Structure formats: C-alpha cells, structure tokens
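What you are looking at is a predicted structure, and each value in this text was computed from that prediction instead of being measured. Residue numbers count from 1 along this sequence.
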Amino acid sequence: MQFFKDLSPSAIVAGFVSVLVGLTSSVAIVFQAAQAFGATPAEIASWMWALGLGMGLCSLVPSLILKKPVMVAWSTPGAAVLATAGVVGGFSMGEAVGAFMVCAVLIFLSGVTGWFERVMGKIPQEIAAALLAGVLARFGMQAFSAAESAPVLIIAMLLVYLVTRRWVPRYAVMFTLAAGVVCAALQGKMNWSAIHWDFAVPIFTMPTFSVAALMSLALPLFVVTMASQNLPGVAVIHASGYDMPISRLISMTGFATFVLAPFGGYALNFSAITAAICMGPEAHPDPAKRYTAAASCGIFYIFIGIFGAVVTGLLIAFPKELVMGIAGLALLGSIGNGLAAAVRDESHREAALITFLVTLSGVTLAGIGSAFWGVVAGSLALLIQSRVLRRST
C-alpha cells in the first residue's frame with residue numbers, strides 16, 4: 001500500500017504531537033461543556049468517543065483518498081461557548097444535542113452552497129499567510145514563557161531541538177518530545193494518576209428542539225466554528241500550498257457532526273494549529289507525503305475515541321509546560337514560512353502586518369476570536385490602500 005511506503009517516523013511523530021497538542025490544550029474545555037448540560041461521567045466518555053471517532057475518520061479517510069493532509073478537529077471556541085451558555089441557560093442534554101444537529105445542518109449547507117469557499121478565495125495569499133503566522137505565533141511565544149515555571153524542562157527541550165535540527169532535522173521534533181518526557185519524568189512532573197483503564201461506550205441522547213437553544217447554542221456555535229476554526233483552518237491549507245476541495249470537506253464535517261451529535265459530537269471543523277504541524281516540513285520533507293502525518297493523526301484520534309479515558313488520561317499525564325514547549329518548537333518552521341510569505345509583496349505588507357498583529361493580540365469581540373477580526377482588519381486596510389492608490393493615480 002502506498003501509504004506505508006510514504007510513511008516515515010517523523011510523520012508518525014507529527015501526528016502524535018498534533019493529537020497531544022490538540023487534546024491537552026482544550027480537552028478540559030470540552031469536559032466543562034459536557035458538564036454544563038449535566039453530563040454524567042459515562043456521557044462525557046461518550047462525547048470523547050464521538051469526537052475521537054469523528055476527528056479520526058474525517059482526517060484519515062480523505063487524507064488517504066486525496067493524498068493530502070486533511071486535518072479535522074473539534075471546535076475549541078465552540079466548546080467554550082457551550083460551557084458558558086449551558087450554565088447560564090440551564091439547557092438539558094437533549095436540547096444541547098438538538099442544537100448540535102442544527103449547527104451541523106448549517107455547516108453542511110455552507111459546504112454544499114460553496115459560499116464559504118468563495119469568500120476564502122477572495123482573501124489575498126499574504127493576508128492568509130499573516131493570519132496563519134498570527135495564530136501560530138502565540139503558541140511559539142508560549143513555548144518560551146513556559147520557561148518561567150519549568151526552566152530546566154524547556155531549556156533541555158530547546159537544546160535538543162537545536163542540536164537535532166542541525167544534524168537530523170526530520171526527527172528533531174521526535175527527539176525533542178522524547179527528551180521532554182524523560183526530563184519531566186525525572187523531575188516527577190508526569191501525572192500518571194490521570195490514567196484510568198476504562199473504555200468509552202457511546203450513549204445516545206434523544207434530541208429536543210427549542211427556540212432558546214437555537215438562539216443561545218446552535219447559532220453561536222455555528223458562527224464561532226466557521227469564523228474561529230474553519231477560517232484559519234483554510235488559511236493554513238492555502239498557506240501550506242495545498243489545493244483541496246474545501247466545500248466538500250466542510251460538508252463532510254457537517255454530515256459527520258450531524259451523525260455523531262446524539263452521542264456528544266457537538267462540532268467538527270478544520271484544524272489550524274495541529275494542521276500546521278502535519279503540513280509543515282518537520283512532518284516530512286516531501287509535501288506530497290505529508291498526508292501520512294494527517295492520516296497518522298486520524299488513527300491516533302480513532303484510538304482515543306475507542307479507548308476513551310485510557311488514552312485521554314495518558315495525554316493529560318504530560319505537564320502543561322511540556323505540551324506548550326513541544327507545540328511551539330514544532331511550529332517554528334510554519335511560523336517562519338508564514339511571516340516570510342506575509343511580507344513578501346510590499347504592496348500588501350502593511351495589511352498583512354495588521355492582520356498578523358490583530359490575530360496575535362487574541363482580541364475577542366462579539367464572541368468571535370481574533371482570527372476572524374485579523375482577516376477583517378487586514379482586508380479593510382488593503383481595501384482602503386487600494387482605493388487611495390487608485391484616486392492618487
């Protein structure tokens with residue numbers, strides 16, 4: 001099979017790091033969202049089953065078919081919206097599931113009609129690259145700010161990364177991760193008690209529909225998923241040089257969300273941070289073979305869905321500083337490439353820098369994250385500059 005011929009240790013590591021970063025950075029928010037609707041531990045495990053299976057299959061299958069790295073994740077800002085709205089509104093799990101299904105239909109229609117892809121097609125490449133750099137730069141900075149609480153761990157990882165990046169660049173992230181795990185274990189920072197030997201069992205919840213849940217859950221979940229997740233996700237795809245059937249893939253995530261919603265699969269979308277890891281040069285020197293990293297990530301996600309608490313607990317066992325460090329170091333290449341592409345064209349440079357800075361700021365307005373506002377600010381700056389230039393000539 002071609003997949004096994006193209007597969008490399010660096011691709012497997014990139015897939016694992018993507019899962020590590022994706023889960024440990026936001027799994028607590030997903031748990032909070034489930035608890036906001038009164039979920040039992042068994043129902044929370046069902047959420048992990050649905051999300052793990054959905055992310056895994058939606059990453060694995062299209063990556064193998066297209067031979068391109070398709071990366072799908074859960075909606076982290078969507079989980080934050082649900083965690084807040086669920087507590088305030090006092091919604092039941094049935095109402096939440098009904099809202100998930102409505103959101104899924106809206107995502108599916110966004111793909112079928114192609115409107116989202118048409119909007120993304122009008123965004124200049126420099127703006128997309130600046131958006132990518134802005135999203136990733138925060139993780140790069142966190143890698144070094146983690147040195148405040150774990151200086152020995154971060155310095156050790158940085159030294160290993162710099163040395164291996166010079167001599168064995170394909171495996172730099174793998175050696176850095178291994179060094180981080182060994183260092184954390186020697187310092188007694190591995191939380192082994194987080195591991196529980198339980199399997200996730202899917203639990204079906206009958207959906208109920210209400211206007212309140214539609215307005216407070218479904219619509220906000222749809223907006224933040226498209227604006228804060230799919231928007232930067234498509235930007236990563238374009239900035240990495242891949243041409244994919246965006247509309248069909250978005251429809252796929254909407255359909256998968258609809259099917260898995262009764263079991264806790266609240267929203268699936270393109271990933272941005274983890275996608276950059278699997279689409280970057282550290283995953284594989286050949287861009288045509290980086291799909292194996294996304295496929296590996298998908299396999300890991302499927303195992304997380306099946307084994308639920310076991311794998312999730314193992315990932316949570318890593319100290320947060322290790323996760324921050326490996327994420328930032330693994331993304332250095334993608335950050336550099338994004339910045340280089342953003343400032344390449346002098347006529348778009350200021351607009352790209354505005355996009356970068358607004359995105360990097362982390363500002364949230366009307367419940368929508370900085371990725372969306374970065375594109376808005378950069379596009380507006382570009383529009384004003386082009387009109388002023390036309391009038392002056």
Side-chain angles (χ1 to χ4, degrees), residues 1-23 50-75 107-108 111 116-117 120 132 136 170 173-174 225 229-257 259-260 265 267-306 311 327 330-331 333-334 337:
M1 184 178 178
Q2 188 63 40
F3 169 74
F4 293 105
K5 293 180 181 180
D6 295 339
L7 187 63
S8 68
S10 60
I12 297 174
V13 171
F16 177 76
V17 170
S18 297
V19 173
L20 174 66
V21 173
L23 262 69
L51 292 168
L53 206 62
M55 293 186 296
L57 291 175
C58 288
S59 298
L60 173 62
V61 176
S63 292
L64 293 177
I65 293 175
L66 298 174
K67 294 293 188 294
K68 296 176 182 179
V70 178
M71 292 288 290
V72 172
W74 61 43
S75 175
I107 294 174
F108 179 79
F116 185 76
E117 185 173 8
M120 285 300 302
L132 170 63
L136 302 184
R170 289 184 60 182
V173 176
M174 177 174 63
T225 297
Q229 291 282 159
N230 279 330
L231 180 64
V234 174
V236 172
I237 292 172
H238 290 169
S240 300
Y242 291 101
D243 181 21
M244 299 187 191
I246 300 299
S247 293
R248 282 189 288 167
L249 292 173
I250 288 179
S251 297
M252 174 196 68
T253 62
F255 178 77
T257 299
V259 172
L260 295 170
L268 299 173
N269 46 245
F270 288 127
S271 63
I273 306 301
T274 55
I277 296 175
C278 288
M279 294 180 186
E282 287 77 13
H284 202 290
D286 185 355
K289 297 182 179 180
R290 291 173 191 166
Y291 76 93
T292 57
S296 299
C297 179
I299 293 173
F300 284 124
Y301 273 136
I302 291 173
F303 272 99
I304 286 173
I306 295 173
V311 182
L331 291 169
S334 297
N337 292 336

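Interatomic distance, I107 CD1 to Q229 CD, rounded to the nearest 0.5 Å: 10.5 Å. C278 SG to H284 NE2: the interatomic distance, rounded to the nearest 0.5 Å, is 12.5 Å. Note that CG of L260 is 7.5 Å distant from SG of C58, once rounded to the nearest 0.5 Å.
Side-chain contact check for M71 versus C297: some heavy-atom pair is nearer than 4.5 Å. M252 places none of its side-chain heavy atoms less than 4.5 Å from the side chain of V61.
Here V173 pairs with V13, V17, E282, I326, A330 under the side chain to side chain contact (heavy atoms under 4.5 Å, CB included) rule; sequence neighbours left out. Residues forming a side chain to side chain contact (heavy atoms under 4.5 Å, CB included) with F108 (at least two apart in sequence, or on another chain): V112, S251, F255. Under the side chain to side chain contact (heavy atoms under 4.5 Å, CB included) criterion, I302 pairs with L53, L57, L60, I306, sequence neighbours left out. With sequence neighbours excluded, the residues forming a side chain to side chain donor-acceptor pair (under 3.5 Å) with S271 are T274, listed by chain and number. Remark: N337 engages no residue in a side chain to side chain donor-acceptor pair (under 3.5 Å) (not counting sequence neighbours). Scanning for side chain to side chain donor-acceptor pair (under 3.5 Å) contacts around T257 gives an empty result, with sequence neighbours left out.
When every heavy atom of L51 is checked against every heavy atom of G265, the shortest pair comes out as CD2-CA, 3.8 Å. Taking every heavy atom of both residues into account, A256 and L268 meet most closely at CB-CD1, 3.8 Å.
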I'd like a table of donor-acceptor pairs (distance under 3.5 Å, sequence neighbours excluded) in which one partner is a side-chain atom from residues 238-247, with atom names and distances.
unit_1: S240; atom_1: OG; unit_2: V236; atom_2: O; d: 2.8
unit_1: Y242; atom_1: OH; unit_2: P287; atom_2: O; d: 2.7
unit_1: S247; atom_1: OG; unit_2: E117; atom_2: OE1; d: 2.5

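For residues 291-306, every residue pair satisfying the side chain to side chain donor-acceptor pair (under 3.5 Å) rule, not counting sequence neighbours, is listed here: D6-Y291. Listed by first and then second residue, the side chain to side chain donor-acceptor pair (under 3.5 Å) pairs involving residues 55-73 amount to none (not counting sequence neighbours). Evaluation of the salt bridge (Lys or Arg N to Asp or Glu O under 4.0 Å) test over residues 294-306, restricted to residues two or more places apart or in two chains, returns none.
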Given the rule in the side-chain contact (heavy atoms from CB on, under 4.5 Å) test, do N269 and T253 qualify, once you have shown the distances and angles that lead to the verdict?
CA-CA 6 Å; N269 46 245; T253 62; 5.5 Å; no
Would you sort out whether F300 and I12 count as a side-chain contact (heavy atoms from CB on, under 4.5 Å), showing the intermediate values?
CA-CA 10 Å; F300 284 124; I12 297 174; 4.1 Å; yes
So I237 and M279, side-chain contact (heavy atoms from CB on, under 4.5 Å) or not? Walk me through it.
CA-CA 8 Å; I237 292 172; M279 294 180 186; 3.8 Å; yes
